[in-house]
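Report on the following structure.
Bear in mind that the values here come from a model prediction, so they are computed numbers and not experimental data.
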Amino acid sequence: MYISCVVEKVSKEMSDGDEELPRDAKIVKTLLKSMGVEDYEPRVIHQFLELWYRYVVDVLTDAQVYSEHAGKAAIDCDDVKLAIQSKVNFSFSQPPPREVLLELARNRNKIPLPRSIGGPGIALPPDQDTLLSPNYQLAIPKKQAVETMEETEEDEGDDTVVPSQEPSSSEVPQQHAPQRVSFPLAKRPKLT
């Protein structure tokens, strides 16, 4: 209804140097003017036209699917209305009623906020509710057992090597997984 009034208005108004604009662009321009939008970039008209064409194609495609499902040879007004209604239901969701929002707010506001730390400066929540606890770990590798100088000197003096002898487990240095250590941050003194 509103669009048809705008179309009639556009067909009557062919001034302001809009003769080179297509009819649909003139309709968009008149719609913007009727909504009180006077200052806009020229590409806004093209963006609205693209949105308009995409919406019409989507609605007509859905209407064609509904028409084929009903076994009709052509799309009729009821198919288009059904397609528009399905677009409105799935694309444009309405906010919940005010009463529902008020009830949700009442339930949420029953839970008190965490108590803040007193003192000068900005009020902060308690330490357990802040991000000041340690959130890292340091990997400290254990040092491998180093042979003493005496053992190395004995090895140098002994030139005979027996290939069948394997070193005992006490002679082989053990490799351990790195030890993980975390450091808590120092507590802030409470100023009174």
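Taking CG of Leu104 as the start and CG of Asn109 as the end, the distance is 10.5 Å to the nearest 0.5 Å. To the nearest 0.5 Å, atoms CD1 (Ile27) and NZ (Lys29) are separated by 13.5 Å. With values rounded to the nearest 0.5 angstrom, Lys87 atom NZ is found 4.0 Å from Asp58 atom CG.
Applying the side chain to side chain donor-acceptor pair (under 3.5 Å) criterion to Tyr53, with sequence neighbours excluded, gives Asp24. Checked against side chain to side chain contact (heavy atoms under 4.5 Å, CB included), Ile111 has the following partners two or more places apart in sequence or in another chain: Arg108. Taking the side chain to side chain contact (heavy atoms under 4.5 Å, CB included) definition, one finds that Val57 meets it with Thr61, sequence neighbours left out.
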Acceptor/donor pairs from residues 66-78 side chains to any protein atom, 3.5 angstrom cut, sequence neighbours excluded:
residue	atom	partner	partner atom	Å
Tyr66	OH	Ser86	OG	3.3
Ser67	OG	Ala74	O	3.0
Lys72	NZ	Asp76	OD1	3.2
Lys72	NZ	Asp76	OD2	3.1
Lys72	NZ	Asp79	OD1	3.2
Asp76	OD1	Asp79	N	3.2

Residues 35-42 side chain polar contacts: donor-acceptor under 3.5 Å, at least two apart:
residue	atom	partner	partner atom	Å
Glu41	OE1	Arg43	NE	3.0
Glu41	OE1	Arg43	NH2	3.4

query: Do Tyr55 and Leu51 pass the side-chain contact (heavy atoms from CB on, under 4.5 Å) test, and can you show the C-alpha distance, the side-chain angles, and the key distance before you say yes or no?
result: CA-CA 6 Å; Tyr55 180 77; Leu51 177 71; 5.6 Å; no
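Across all non-hydrogen atoms, the minimal contact from Ala83 to Ala63 is CB-N, 3.7 Å.
The hydrophobic cluster containing Leu113, built from Ile/Leu/Val/Met/Phe/Trp/Tyr side-chain heavy atoms closer than 4.5 Å, comprises no other residue.
Leu60 has its side chain out of reach of Gln64: every pair of non-hydrogen atoms, C-beta onward, lies at least 4.5 Å apart.
Placement of Trp52 and Ile45 within a single hydrophobic cluster is found when ILVMFWY residues are connected by side-chain heavy-atom separations under 4.5 Å, directly or transitively. Following chains of ILVMFWY side-chain contacts shorter than 4.5 Å, one can reach Val56 starting from Leu31, so the two form part of one hydrophobic cluster.
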